[in-house]
Amino acid sequence: SNTGMKYKRILSQSHVVLKEFYVDQHLIVKLSNVQGDVHINGHAIELNNNSTFVVPKFSHISCSINQLNSQENIELQLLMIDEESISEAFKYISALKQPTFPTASCSPVYTISTPAIVDQNFVLFNKLLPSLCGSSIETTLLSQCLVFILMALNEAGIDVFNVYRFNYD
């Protein structure tokens, strides 16, 4: 499997249409200036302007996204997370907070309006990672930010403990 975490920033001037594909890593995706929808494991999710969504590994995903403001690029920021990194992060978080277990009938929440802490951490990636490329500090930054991002997503209503283990059963 892929080792470590990776961050990518993609700017697009037109609409983005992706036919269904399969992801083999956990993802946190932050979008700006978008309207449209994403399908994750059969759940249709509507996106508005600044959204963050989570994708557990082994998911099937497709999307159709347009620019909200045609004068500006769609900004897509991706955090790709391997199993070891997410387990490590959950170790810290579960020490702070007990995961809740919703009833089986609840369908998972995959997306929320981007919280400030998530925004700030993606700004860190964006500004700092290009200059850290390949150094051990890159790994440290990604790992530490992941903990804050997961905590912020959890606080804002995405049950990260369950979503990222959702496909395992």
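We're numbering straight along the sequence, starting at 1.
For an aromatic pair to be called close, the ring centres must be under 6.0 Å apart, and H43 with Y110 satisfies this.
Side chain of T111 to main chain of T52: a donor-acceptor pair is present (N/O by atom type, distance under 3.5 Å, no hydrogens or angles). Panel note: side chain N73, backbone E75; no donor-acceptor pair is recorded below 3.5 Å. Formation of a donor-acceptor pair under 3.5 Å by the N66 side chain with backbone atoms of H15 is not found in this model. Panel note: side chain H60, backbone Y22; no donor-acceptor pair is recorded below 3.5 Å. The closest donor-acceptor contact from the side chain of N126 to the backbone of F122 lies at 3.5 Å or more, if one exists at all. Proximity of a side-chain donor or acceptor of S12 to a complementary backbone N or O of S14 within less than 3.5 Å is detected. Side-chain atoms of S59 do not come within 3.5 Å of backbone N or O of V55 as any donor-acceptor pair. With hydrogens and angles ignored, the 3.5 Å screen pairs a side-chain donor or acceptor of N49 with a backbone N or O of N33.
When hydrophobic clusters are built by joining Ile, Leu, Val, Met, Phe, Trp and Tyr residues whose side-chain heavy atoms come closer than 4.5 Å, directly or via intermediates, I10 is grouped together with L18. Cluster membership for L31 and V23, using ILVMFWY side-chain heavy atoms within less than 4.5 angstrom, is shared. In the hydrophobic clustering of ILVMFWY residues, with side-chain heavy atoms under 4.5 Å counting as a link, I65 and I45 come out together. In this structure, I137 is not a member of the same hydrophobic cluster as V123, with clusters built from ILVMFWY side-chain heavy atoms closer than 4.5 Å. I40 and V17 end up in different hydrophobic clusters when Ile, Leu, Val, Met, Phe, Trp and Tyr side chains are linked at under 4.5 Å.
Contact between C145 and L124 at its shortest, heavy atoms only, is SG-CD1, 4.0 Å. When every heavy atom of Q35 is checked against every heavy atom of Q67, the shortest pair comes out as NE2-O, 3.6 Å. Contact record, A152 with P115: O-CG, 4.3 Å, taken as the closest heavy-atom pair. The minimum heavy-atom distance linking V163 with V109 is given by the pair CG2-O, 3.7 Å.
Atoms SG and NZ, on C63 and K19 in that order, are 11.0 Å from each other to the nearest 0.5 Å. Put simply, CG on D82 and OG on S87 are 8.5 Å apart, with the number rounded to the nearest 0.5 Å. The distance from the CG atom of L11 to the CD atom of E72 is 11.0 Å, given to the nearest 0.5 Å. The distance from atom CZ of F148 to atom CD of E155, rounded to the nearest 0.5 Å, is 13.0 Å. In this structure, CD on E83 lies 10.0 Å from CD on Q25, to the nearest 0.5 angstrom. Within the model, atoms CE of M80 and NZ of K8 stand 4.5 Å from one another, a figure rounded to the nearest 0.5 Å.
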Please lay out, stage by stage, how L129 and L142 fare under the test side-chain contact (heavy atoms from CB on, under 4.5 Å). CA-CA 9 Å; L129 288 175; L142 287 166; 3.9 Å; yes

Dump the intermediate steps for side-chain contact (heavy atoms from CB on, under 4.5 Å) on L78 and Y7, then the final yes or no. CA-CA 6 Å; L78 282 173; Y7 165 80; over 6 Å; no

What's the verdict on side-chain contact (heavy atoms from CB on, under 4.5 Å) for L150 and I28, showing C-alpha distance, side-chain angles and the deciding distance? CA-CA 9 Å; L150 289 171; I28 295 174; 4.2 Å; yes

For F53 and L27: C-alpha separation, side-chain torsions, deciding distance, then whether side-chain contact (heavy atoms from CB on, under 4.5 Å) applies. CA-CA 8 Å; F53 65 92; L27 303 177; over 6 Å; no

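Within a 6.0 Å radius of CD in E46, other residues, nucleotides and ligands contribute 12 heavy atoms or fewer. Counting heavy-atom neighbours within 6.0 Å of L128 CG, excluding the residue itself, gives a total above 12. The number of heavy atoms from other shown groups lying within 6.0 Å of CD1 (I112) is above 12. Heavy atoms of other residues, nucleotides or ligands lying less than 6.0 angstrom from CZ of F90 number more than 12.
A salt bridge links K30 to D119: at least one charged side-chain nitrogen sits closer than 4.0 Å to a carboxylate oxygen.
Contact check for F125 versus I149: side-chain heavy atoms found under the 4.5 Å cut-off. The shortest side-chain heavy-atom distance between V160 and N154 falls under the 4.5 Å cut-off. Looking at L146 and M5, their side chains come closer than 4.5 Å, going by heavy atoms from C-beta outward. At least one side-chain heavy atom of I74 sits under 4.5 Å from a side-chain heavy atom of V16.
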